[in-house]
Structures are given as C-alpha cells and as structure tokens.
Number of protein chains: 4
Amino acid sequence: MPRTREQNRRIREKRMDQILQAALQVYREKGYHGTEMGEIARRAELGRGLVYYYFKDKEDVFVTLITQTLNGWKEVMDGIMQSEQTVADKLSTALIRMCELASENPEITHFHQTIIRDTHVLFPDRYKEIDGYYEDAIWLPLRHLFKKGASSGELRVSPPVAERFYASILFGAVQGEKKIDRASIQEWVDVALYGMIQK
Amino acid sequence: MPRTREQNRRIREKRMDQILQAALQVYREKGYHGTEMGEIARRAELGRGLVYYYFKDKEDVFVTLITQTLNGWKEVMDGIMQSEQTVADKLSTALIRMCELASENPEITHFHQTIIRDTHVLFPDRYKEIDGYYEDAIWLPLRHLFKKGASSGELRVSPPVAERFYASILFGAVQGEKKIDRASIQEWVDVALYGMIQK
Amino acid sequence: MPRTREQNRRIREKRMDQILQAALQVYREKGYHGTEMGEIARRAELGRGLVYYYFKDKEDVFVTLITQTLNGWKEVMDGIMQSEQTVADKLSTALIRMCELASENPEITHFHQTIIRDTHVLFPDRYKEIDGYYEDAIWLPLRHLFKKGASSGELRVSPPVAERFYASILFGAVQGEKKIDRASIQEWVDVALYGMIQK
Amino acid sequence: MPRTREQNRRIREKRMDQILQAALQVYREKGYHGTEMGEIARRAELGRGLVYYYFKDKEDVFVTLITQTLNGWKEVMDGIMQSEQTVADKLSTALIRMCELASENPEITHFHQTIIRDTHVLFPDRYKEIDGYYEDAIWLPLRHLFKKGASSGELRVSPPVAERFYASILFGAVQGEKKIDRASIQEWVDVALYGMIQK
DNA sequence: GATGAATGAGTGTTCATTCAT
DNA sequence: CATGAATGAACACTCATTCAT
C-alpha cells in the first residue's frame, strides 16, 4: 500500500529541513565552497542523492536557505511597520528586534551576513532576484521610515546615510564569532540611535 | 650578459606587484574561489608558472596582499596615536583617515572587508597569524583608546561595545558596490561619534 | 474483494503497453541514454516503482519493445514467403510491405533503425540474442530469396551485395525526421529494383 | 628557457590528434555515452585534465572529430564537382570515391554514420550547425546534380528520391562491422545506379 | 627569470535501481 | 498491484600545482 499524500508531505518537509540545517552547519564551518554536497548529506544522515531529490543543486539549497529565513524576518518587519509608533520608535523597535533575532540565531545571521556579500559571485544569474528579497523584506520598509523621519525632522541624517548607518549597526550586531549578548543589545541600540536621532 | 642584482630586484618588485594587482582585480569580480591562478597570470600578462616563482601558492598571493596593505595602514594609525590629541579627537581623526583611505582605495577595502570574514575558512593554518596582523595594525591601538576614553569618561560606552561599534562604522563606509563619497565622510563620522561621545 | 485472474491479466497488459509506449515516445526525443526510467513512469502516468514491477530493468523495457514489434514483422514476412510469386515479385512485395509498415509506424521504425546499430553497445550480454531475432524475422527469409534469385539469374548481384543493398533501401525509407510518404513508396522501390539511371 | 612558439604549436597539434584518435577508438567500442573522458585520456596516454586543456568538453571533442573529417570530404566532393563530366558520371565518381573513403576509414565512417543520427539528442544546441556542415560538404553539391540530372533526363527519379536513395547507398557501404571491400565497390555502385533486377 | 604543457585529486550532479509502506 | 522516497555508483569537469624546456 503506498504512503498517503499527507505522509509523503510530512516526510518531504522533514527531509528538506534536515538538509537545510545540515547545510547551515557546514557552511558555518567551511564557507560556501568548502561545503560539499556529500558533507551536507552525511550531516543530515541521508544519502547523497536525496539532497538532489529535494533541491535542484547546491545553489538551490542555499538560495532556499536565504529566502526561507527572509520570509520570517519580513513578517517581523511588517508587524513593526504596521504598528502605531513614531518613526524613531519604529526604527528603535526594528533594530532591537532584528538584533534579538540575530542574537538568538547566530548561525543563520552569520550565514546571511556572509552570503549576502557574495551573492553576485556565487549566483550570478539569480543575484538580482535575491537582492530583491532582501529589499522587500528589510530595506524597502526601512527606507520608507528614513524618508519620513528626515522630512519630519525626527532624523538628523539624510536617508542614504541613515540607511548605510542602520545597515552597519545591524551587521555589527554579529561579528565573526562574537554575537552580541542579549543584555548588551539595549546599549548597542542606544549608541546607534543617539547619534542618529535629533535631540 | 647577466642582469645586475639591482636590475633583478627591480624586475622582482615589478612582477610581484603586477601579480598582486591582477589578483586584486579578479578577486573583486569573482571572489576567492572564483579567482584562478591562471586568470591571475593572464591579467598580469605573465606566464602561469611565474606566479609560482614569486609566490609559494594561491594562499601566499592573498596573504601577501593582506599584509602589504596592513603595513600602510599601520603607519597611518601609529602616526595618529603618537599625536597630541584627546581620545575623542584621535578616534575621530582615525575614523576619518580610515574612511578616506577606504574611499580612495575601494578595491583593496572591499578585499579586506570580505576576506577578513573568511580567513579561518580560507587559511585555516594561518588565520591566527593573519588576525594578529589586523590586531597589531588597527585594533590594539584603538582598544587602548577605548579603554582610556572609558575610564576618563570621554566615551559613554564600554570598551567592548565601543570596539564593535567602531568596527561597524568602519565596515559600513564601504558597502558592496557603494563606497562613501569624500563629501559625506564628515557626516558619516559625525553620526557615528555623536552617539558614541559623551556630551 | 480481490481482483479476478482475468482482471489482473488485463491490467497487466494495459500497464505494460502504457510503459512501452511511453518508452518509445521518450526514446524518440532523447535517445536511449536520455530516456530516464522516471520519465517513462511519468509519461505512462504510473509510479516509478511500477515500471520495475513489470520489467526487470531498463534493458528489459527496450528489448521487449524490440521483440514485440519483430513478432509482427515476422508474420508479414512469413506470409509473403509462403505466397506463390517469383523471387523478384516476392522481393518487391516484401520491400513495399516493409516500407508501408515503416511509413505507418515511423516511431517504431525510427526506434529499430537507431537501436539496431547500438545493440552491442547497449546490451552487450544480449546482443547476439537480439540480432538473432532480426535474423529470424527478416534476414533469413530474404537471404533465401537472394540465393535463389542469384542462381536462377533473376538477380544481377551476388547474394551478399543484394542483402546489403536491400537493407540500405529498407533503412533509407525512413531517414531521420523524413519518412517516405505512401505515394512515393512505389517510386522508391522501383529505383531500388531498377536502378537510378535511365538506360 | 621557455619552448618556442613553434615547438608549442607542434606539441598542441600532436596532442589534439592523439586525443581525437583515442576518442574515435573508444567510441567505436562503447558509443558516445560509453566513452568516458578518462578512458580517452588513458588511451591517448595522457593525463585526464589534458583532454580538457585542449577541448572544452566531451561535446567539443566529438564535434571537432565531425568537422575535421568533413573538411577532408568536402575537398574531395568539390574536386569532383568542378571536373568535366556528365551528371551521371559525377554521381558515379562521387559514389565510388565516397565508398572508397568509407572503406579506407571504417572507423571514422562508422563514427559519422552513427553520430549523425544522434546529433540532435547529443548536441541539442549545436545540431543545426553540425547538420549545416554535412549539408555544405556533401548534400548541397549532390542536390545540385540531382536537379540537373532530373531536368536533363539523365536521372529517372525525382531529386528528393534521388537524394534519399544516394544517402541510403552511401550509408549502406559500411554497415555495422561489415565494411564493403574494395573489390566489391564497383558492383555496389553498379547496383545502385542500374538497379538490382536484371532486365 | 620565464613559459605553458601536463597532472590528478576533488567535487557537483545524474540516474538506474531498491524498498518501506 | 502501486507509490515515491531513498540510495550510491559512476562520470563530467575544474583548478591548484608541477616541471621540462
């Protein structure tokens, strides 16, 4: 008797997750090129071929890893954007939430921080698409705030500088091996915003 | 008739520079793994074997590239450290000078920014040594300032946060394709320091 | 309640035919190595494993395809051989009938024409057996005619040349994409039997 | 001291020839997919990677093999076309010369006969280009003759049928393992041109 | 100093086949 | 009878490195 559709769906979901988690682990240790598909399979305790059963190729594994987490982040950002707060508070909340997320998921954060720099080299055909995901999830909403804050006078810097600055702070929250600990997040964000926000 | 010692020295120097510049160019376009030794040779307009005559291996090419520029930066930093300024002014000057350097040499800056995150993956045997160069040239002197500034009350943040913050700002000065333009450096540094420095 | 023997037989037959037809289709488009077992299953709208339930392996699918049609052709040939005609007329009739069959079933004809050249490469263990089927169905009866025709003077060529020639004409009836149309078969056979050049 | 340009050129030429000959040999025994690049290298007594130094990929090896011999054949055909003969004599001469060539180079002939059927499957991107080479070298000149012969009454068949027929005869000259021997070529061509059946 | 031909270990990927359900 | 998840052997191709000249 064949498995039911539902059983298969569950198996697939579980397997894809195993593979993605294994890929993330290996990536952390060895980087993109050091990550062999065989090693991913081994860590996931699956056969070599199964990785290709679920993902088209190595690129697909990593691009999926990117998009999947971006979806989660997008939800967080959207929630904040729709809340009733001043621009400054939204920026602060967003920064705190993102730093918290980064702190809670250092592996995935490190993954994004490093892979984002290399998308155009690693995935020359898809890097525009991928950059688009980052834009949608994170930068478009923030950019809107920067503009609004600048014109209302809440922010003391021009939107482009604000954007660059915000990104720097975000990326700075996890550097190499050292993620920022929960207790320091508030201090970290304060430093950032004090320079940024009009008194 | 054979070449003189001096002639040979000059040739050596020129060749090594050709190779290093070629490596830097290709790295920008293709990343470390995308940079083939053959491509380096081709861009340098030299025979493939000659690269191995001047450098032990691929690792050696890139590590040399790292150390060579770090030496230049170290001199700049040392100059600032030995000057007669307040901690805040030294920090400001250093930040400005480093941002200027980054703005003037976007290629080499991008190279450092990206390679620094991967040293432990790319050069597992030498990454401690390499990190040491960065420490010596940049972080040791700065760390000294952070400590001094914290104890004197000039800085409103703890030294570890200060260090992380400073690094973030430095890295933020050149992001991907967009380097900061000279005119904006002052604004950039202001934003950073305004949050950082006790009023 | 379980199926009856007869129901099962019918299902079996239908399934095997689905698979064989699917295999033929894919073969036409992609050739032997381009034909994946999964693709066969997909085209037949069956589960992947079922193909292996009905056929031992890929080889078995294709060898079955060969033998099945050869059986049909053998009957045609046998009918002609047992008729009351001169050697020349039998040769002519056979050529016409075979060309008609080829014209009516271009897919299967193309399949035979191409696979026949590769049997020793594709099925090294069974190629003698397979060649035997071709011999039995087609060449043994024809060879008998060539010999008879040569000794009676009806044919102006030696049996080996006649055989080679006959084969060439048969193969020529379907070339690549262009099968011969029904209306041209007579002309085609005429040329073969009476030559290309007007006397 | 580096090798001179001329030395290198000679080495390259020799190597490419070694590889092409090895590929031809293996192809004969194993067919396209059975021909592993490693086996080609082994037969040519060269390192695995050198094959890729001289040829872009497996496809390139075999396409080069096709075009190289087609160039030779084209010259032969052109010579005949430019001669002073009747259409029938040109057709006869061409057929004889091509059959002789086929008989002298059974390996390469078998290669062409089999690969030509599979170009669209093996080289989906280049098969039009490849077919074009065949057209230029062989079929365009012949087609011209068929037309001329048909309108002058020298040929008793329509040009399309003549073309199909001629191709069949040409292909028939080498069938599987059995190439036609020199002595039989004349008989073979006679049958083709004057028919199988004695009048 | 200089060249580029030569090598082969290493890796991504495919696909026939098996098997738990 | 039926399904599709799972496996792994096999193979094309890349590229750092060596070496004869």
Side-chain angles (χ1 to χ4, degrees), chain A residues 1-5 7-12 14-15 33-41 45-59 61, chain B residues 2-3 7-8 11-12 15 33-42 46-59 61, chain C residues 2-3 7-8 11-12 15 33-42 46-59 61, chain D residues 1-5 7-12 14-15 33-41 46-61:
Chain A
M1 230 48 36
R3 288 198 201 79
T4 67
R5 258 170 157 46
Q7 279 176 311
N8 277 326
R9 200 193 53 70
R10 245 179 311 202
I11 290 176
R12 283 204 299 274
K14 191 173 151 201
R15 291 292 179 258
H33 286 99
T35 300
E36 303 162 29
M37 292 300 264
E39 174 78 3
I40 293 178
E45 296 185 275
L46 297 171
R48 217 174 161 55
L50 204 61
V51 179
Y52 285 91
Y53 185 76
Y54 288 109
F55 297 92
K56 197 179 144 296
D57 51 21
K58 192 175 174 179
E59 176 170 323
V61 173
Chain B
R3 283 191 272 269
Q7 278 176 314
N8 275 334
I11 290 178
R12 278 188 73 81
R15 291 288 178 257
H33 286 99
T35 301
E36 302 159 31
M37 293 298 266
E39 174 80 2
I40 293 178
R42 219 171 305 128
L46 297 172
R48 177 186 283 263
L50 206 57
V51 177
Y52 284 89
Y53 182 80
Y54 287 111
F55 296 92
K56 194 178 145 293
D57 51 22
K58 189 174 174 178
E59 179 170 321
V61 174
Chain C
R3 282 190 273 269
Q7 279 176 313
N8 273 335
I11 290 179
R12 277 186 75 80
R15 291 287 179 258
H33 286 99
T35 301
E36 300 160 34
M37 292 298 265
E39 173 80 1
I40 292 177
R42 218 171 306 127
L46 297 172
R48 178 187 282 261
L50 207 58
V51 177
Y52 283 89
Y53 181 78
Y54 288 112
F55 296 92
K56 194 176 144 297
D57 52 21
K58 189 175 175 179
E59 178 170 322
V61 173
Chain D
M1 230 45 36
R3 289 196 201 79
T4 67
R5 258 169 156 49
Q7 279 175 311
N8 277 327
R9 201 193 53 69
R10 247 181 308 207
I11 290 176
R12 281 204 302 272
K14 191 173 151 202
R15 291 293 177 256
H33 286 99
T35 300
E36 302 161 31
M37 293 298 265
E39 174 78 3
I40 293 178
L46 297 172
R48 217 176 164 54
L50 204 60
V51 178
Y52 286 91
Y53 184 75
Y54 288 110
F55 296 92
K56 197 178 143 297
D57 51 21
K58 192 175 174 178
E59 176 170 323
D60 192 28
V61 173

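Please read all numbers here as calculations on a predicted model, not as lab measurements.
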Short side-chain N/O contact from A:Tyr54 to OP1 or OP2 of F:dA5, under 4.0 Å: no
Nearest-neighbour nucleotide for the B:Glu36 side chain, F:dA16, E:dT13, E:dA2 considered: F:dA16
Over all atoms of both residues, closest heavy-atom pair of C:Gly47 and C:Ala41: O-CB, 3.9 Å
Spacing of D:Glu39 atom CD relative to E:dG8 atom P, expressed in whole Å: 16 Å
Phosphate OP1/OP2 of E:dA2: any B:Tyr52 side-chain N/O under 4.0 Å: no
Between C1' of F:dC11 and CD of D:Glu59, the distance in whole Å: 16 Å
Whole angstrom value for the distance that separates P of F:dC11 from CD1 of D:Ile40: 13 Å
A:Arg3 CZ - E:dC19 P separation (whole Å): 14 Å
Sugar-phosphate, base or nothing in reach of C:Phe55, heavy atoms under 4.0 Å: nothing
Atom-pair distance (CZ on D:Arg15; C1' on E:dA6), nearest Å: 9 Å
Sugar-phosphate, base or nothing in reach of B:Leu50, heavy atoms under 4.0 Å: base
Among D:Leu46, D:Val61, D:Asp60, the one residue meeting side-chain contact (heavy atoms from CB on, under 4.5 Å) with D:Val51: D:Val61
Exercise: identify the closest heavy-atom pair between A:Tyr52 and A:Asp57: CE2-CA, 3.9 Å
OP1 or OP2 of E:dT3 under 4.0 Å from side-chain N/O of D:Asn8: no
A:His33 NE2 - F:dC15 C1' separation (whole Å): 12 Å
Any strand: nucleotide that pairs with E:dG8 via Watson-Crick or wobble, under 3.5 Å: F:dC15
Distance test, side-chain N/O of B:Tyr53 to OP1/OP2 of E:dA2, below 4.0 Å: no
5' precedence on DNA chain E between D:Val51 and B:Gly47 (nearest-nucleotide basis): B:Gly47
A:Arg48 side-chain proximity, nearest of E:dA2, F:dG8, E:dT17: F:dG8
Of the listed nucleotides E:dA2, E:dG12, F:dA12, the one nearest the side chain of B:Ile11: E:dA2
Closest-nucleotide 5' rank along DNA chain F - winner of D:Gly49 and A:Glu45: A:Glu45
Paired nucleotide for F:dT21 [Watson-Crick or G-U wobble; both distances under 3.5 Å]: E:dA2
Whole-Å distance separating the CE atom of B:Met37 from the C1' atom of E:dA6: 17 Å
Residue pair D:Lys58 / D:Thr35: nearest heavy atoms and the distance that separates them: NZ-O, 2.8 Å
Nearest-neighbour nucleotide for the A:Gln7 side chain, F:dC11, E:dT3, E:dT21 considered: E:dT21
Heavy-atom closest pair, residues C:His33 and D:His33: ND1-ND1, 3.1 Å
Candidate nucleotides F:dA2, F:dT3, E:dT21, ranked by approach to the side chain of C:Leu46 - the nearest: F:dT3
For atom CZ of A:Arg10 and atom P of F:dT3, their distance in whole Å: 21 Å
Gap in Å between the two C1' atoms, one belonging to F:dT21 and one to E:dG1, rounded: 13 Å
Closest nucleotide among E:dT17, F:dC13, E:dG1 to the C:Asp57 side chain: E:dT17
Spacing of B:Arg48 atom CZ and B:Glu36 atom CD [to the nearest 0.5 Å]: 8.0 Å
